[in-house]
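Okay, structure first, notes after.
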2 protein chains.
Amino acid sequence: MSITAPKGFRASGVAAGLKSTGAKDMALVVNDGPEHASATVFTANRCKANPILWSQEVVKDGIVRAVVLNSGGANCYTGAEGFQTTHAVAERTAAGLGIGAIDVVVCSTGLIGLKNDRDDLLAGVDGCAAALAEDGGQAAAEAIMTTDSVSKQVVVEGSGWSIGGMAKGAGMLAPQLATMLVVLTTDAKVTPAEADRALRAATRVSFDRLDSDGCMSTNDTVTLLASGASGITPSEADFTEALTRACTDLAMQLLADAEGADHEIAITVLNAASEDEAVEVGRSVARSNLFKAAVFGKDPNWGRVLASIGTTSAAFDPADLDVAMNGVWVCRASEPAESPELVDLSPREVSVTIDLKAGQERATVWTNDLTHAYVHENSAYSS
Amino acid sequence: MSITAPKGFRASGVAAGLKSTGAKDMALVVNDGPEHASATVFTANRCKANPILWSQEVVKDGIVRAVVLNSGGANCYTGAEGFQTTHAVAERTAAGLGIGAIDVVVCSTGLIGLKNDRDDLLAGVDGCAAALAEDGGQAAAEAIMTTDSVSKQVVVEGSGWSIGGMAKGAGMLAPQLATMLVVLTTDAKVTPAEADRALRAATRVSFDRLDSDGCMSTNDTVTLLASGASGITPSEADFTEALTRACTDLAMQLLADAEGADHEIAITVLNAASEDEAVEVGRSVARSNLFKAAVFGKDPNWGRVLASIGTTSAAFDPADLDVAMNGVWVCRASEPAESPELVDLSPREVSVTIDLKAGQERATVWTNDLTHAYVHENSAYSS
């Protein structure tokens with residue numbers, strides 16, 4: 001059910017012919033109200049796709065009534081014609097729903113630089129509108145998949161209200177990035193300002209700390225729609241906590257389905273001088289191809305962890321770093337400690353713990369290993 | 001001949017038992033004068049190996065009389081015992097040559113966190129001292145190889161003087177990084193200050209713009225030794241130009257032998273607001289695993305180039321970027337232009353040209369593709 005679990009939402013997913021496989025490739029999510037509060041965060045990439053350029057304007061007033069999404073083409077770097085295509089999709093969606101185009105967020109994912117056929121997209125919009133259903137969440141979640149092997153969905157229950165979510169993303173997955181799209185729905189009564197604060201708090205510790213391959217997408221969009229249909233106003237703390245759980249659950253689903261990955265790696269940095277520095281150190285390790293290839297080879301190569309830490313500007317003493325892998329402290333005070341042979345890297349889940357001994361803050365960054373399958377999949381993506 | 005081509009130098013390379021293969025693993029380069037000017041640049045990694053900690057002190061007075069190098073272990077993160085080992089190697093080298101240990105640079109390369117047997121190293125020093133020869137450059141260049149498949153050497157001739165060089169490095173190759181070691185020799189008469197200016201100018205546009213795998217080593221060292229034995233004092237401009245040619249030649253040899261690489265990729269950024277911004281943009285593309293995997297797959301995926309540019313802080317208009325691959329302008333004004341089908345990525349050498357249209361500065365950054373062989377080699381390095 002996912003995004004259609006909360007009251008006040010309908011959704012659909014159809015095949016519009018964008019994907020050569022004939023699989024579903026367009027989705028529509030509609031907030032039937034009574035309220036239409038929303039919040040959205042976009043990629044930090046300065047090269048933004050046309051749907052982002054459009055949707056940035058749509059979300060400014062905190063009101064979104066519908067999100068229309070397509071896979072099979074990112075509509076990024078397709079020029080003025082591509083922007084007009086996005087606009088036309090929003091207009092067609094609005095016309096079918098009897099609302100204004102300026103309340104329609106558009107999301108696209110797929111190859112950058114590919115111009116989709118506008119007529120295919122518009123026919124897909126019509127198909128989506130006709131297929132809208134109160135149990136359409138599953139179809140919508142399937143329609144936004146690209147290299148994903150499974151659909152990603154979540155439901156978090158509050159007291160009389162709930163949050164639903166769907167996500168896609170398997171590559172170019174270092175959000176702030178081909179393409180992470182997330183739609184979250186709730187029937188809680190929240191204002192646009194509350195929704196914005198809650199969404200930024202939730203994404204900061206979930207999607208923003210996922211760094212599968214270090215590559216930032218041009219199309220990332222996370223949109224929250226609130227219908228108020230439950231009639232219940234949760235405390236902001238309760239709502240933020242539930243939203244954070246939903247985002248973290250979806251982020252872990254993205255991590256587990258990352259292109260070609262054999263391992264999910266959680267890098268936890270302890271005792272940093274600041275949370276930002278903990279994230280900086282975690283991300284530096286998450287972006288080390290040598291470390292990631294070592295994990296693929298089940299090699300607890302902690303030297304590559306230290307070499308990555310050394311490239312950051314975080315506070316620490318290079319002569320006093322501790323590193324554990326799967327709970328084995330292979331390095332203490334920057335010297336070899338417990339035997340790396342005690343580290344079993346067979347399971348998919350790997351933990352790396354780094355003690356900076358520089359403060360009291362901490363953070364976890366998630367990444368994947370670097371595998372033959374990753375190289376294969378990404379050397380053949382567009383050909 | 002390489003490092004022993006200039007007058008005033010002897011060198012050697014021997015097998016000291018550090019490598020399990022029995023291959024040569026220790027080298028010694030001696031400047032017999034009459035002068036002993038020198039300049040050295042080290043890795044910018046804050047986690048520095050013991051030989052770096054030692055050699056940073058050695059080079060401060062601009063005088064270096066010998067460089068002793070070992071492969072088969074980086075002596076990094078091996079604690080106080082490791083530092084003492086480096087010191088003992090310098091002392092033994094000095095004793096054998098009748099000089100002071102404080103004039104002996106020590107370089108090590110190999111696995112981080114591995115403690116080499118000190119007796120093996122000291123016996124190797126003795127072996128190197130006994131084997132010193134005026135034609136020992138080849139043996140020395142072979143002894144510093146790790147995953148290198150070939151030795152890297154260069155000779156650049158001046159007017160009555162010359163520059164020789166040797167280098168090793170195939171992985172953790174984003175110098176400022178497991179491990180690039182370079183020794184350069186000259187018989188020109190240059191002061192330590194001139195040598196320092198020339199070396200920094202030369203490395204800035206050569207080794208510093210090589211970014212094979214984005215991973216910065218803990219052991220990188222580039223040392224220049226000047227004997228003055230030619231009796232000739234070249235102009236600083238002439239010497240800097242020749243030294244830059246020597247460094248660029250060695251950098252291209254490193255690039256061509258990078259672990260598992262199928263392609264050498266030159267990313268040239270044109271019309272940047274500053275040279276630093278040109279380097280930042282080039283390096284962002286050089287570090288995109290998605291772009292590098294696409295080149296391996298012979299896929300001219302320019303969208304991945306734009307997505308990388310967008311992660312930088314350089315000045316440019318996201319709607320007005322041009323990108324060429326092997327001379328085919330596949331993207332003009334941030335839109336599809338010439339057909340990617342015209343781009344032939346079969347040859348090893350690939351050029352990417354990016355026009356930022358934001359100024360008049362330019363820079364080239366060199367990298368390699370991301371291949372199955374890279375993943376294979378680096379998933380099995382220490383096991």
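Chain letters run A, B, ... following the sequence lines, proteins first and then strands; every chain starts at 1.
Contacts between B:Ala80 and chain A at a heavy-atom distance below 4.5 Å involve the backbone alone (N, CA, C, O). Both the backbone and the side chain of B:Ser288 come within contact range of chain A, judged by heavy atoms closer than 4.5 Å. Neither the backbone nor the side chain of B:Leu114 comes within contact range of chain A; no heavy atom of the residue lies under 4.5 Å from a heavy atom of that chain. Proximity to chain B is absent for every atom of A:Lys48, based on heavy atoms less than 4.5 angstrom apart.
Put simply, of B:Val295, B:Leu321, B:Thr312, B:Val330, the one with the most heavy-atom pairs under 4.5 Å next to chain A is B:Thr312. The most heavy-atom pairs under 4.5 Å with chain B, out of A:Gly82, A:Ala293, A:Pro340, come from A:Ala293. Your options are A:Gly310, A:Cys76, A:Cys331, A:Ala333, and the one with the most heavy-atom pairs under 4.5 Å with chain B is A:Gly310.
Every residue two or more places apart in sequence or in another chain was checked for a ring pair (Phe, Tyr, Trp, His ring centres under 6.0 Å) with A:Tyr77, and none qualifies. Residues that satisfy the ring pair (Phe, Tyr, Trp, His ring centres under 6.0 Å) test with A:Phe316, not counting sequence neighbours, are absent from this structure.
The structure places NE2 of A:His372 at 12.5 Å from OH of B:Tyr374, a figure rounded to the nearest 0.5 Å. Atom CG of residue B:Leu290 and atom CD of residue A:Glu377 lie 10.0 Å apart, to the nearest 0.5 angstrom.
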Original post:
Would B:Leu370 and A:Leu370 satisfy side-chain contact (heavy atoms from CB on, under 4.5 Å), going step by step from the backbone distance to the final call?
Top reply: CA-CA 10 Å; B:Leu370 179 60; A:Leu370 179 59; 4.1 Å; yes
**OP:** Please step through side-chain contact (heavy atoms from CB on, under 4.5 Å) for the pair B:Asn289 and A:Val375, ending with a clear verdict.
**Re:** CA-CA 8 Å; B:Asn289 280 349; A:Val375 174; over 6 Å; no
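Contact annotation: the side chain of A:Asn301 approaches that of B:Leu111 to within less than 4.5 Å [non-hydrogen atoms, C-beta and beyond].
Pairing each heavy atom of A:Asp299 with each of B:Ser379, the nearest pair is CB-O, 4.3 Å. The shortest heavy-atom contact between A:Glu335 and B:Lys115 is OE1-NZ, 4.1 Å. Between A:Thr78 and B:Pro336, the shortest heavy-atom distance links the atoms CA-CD, 4.2 Å.
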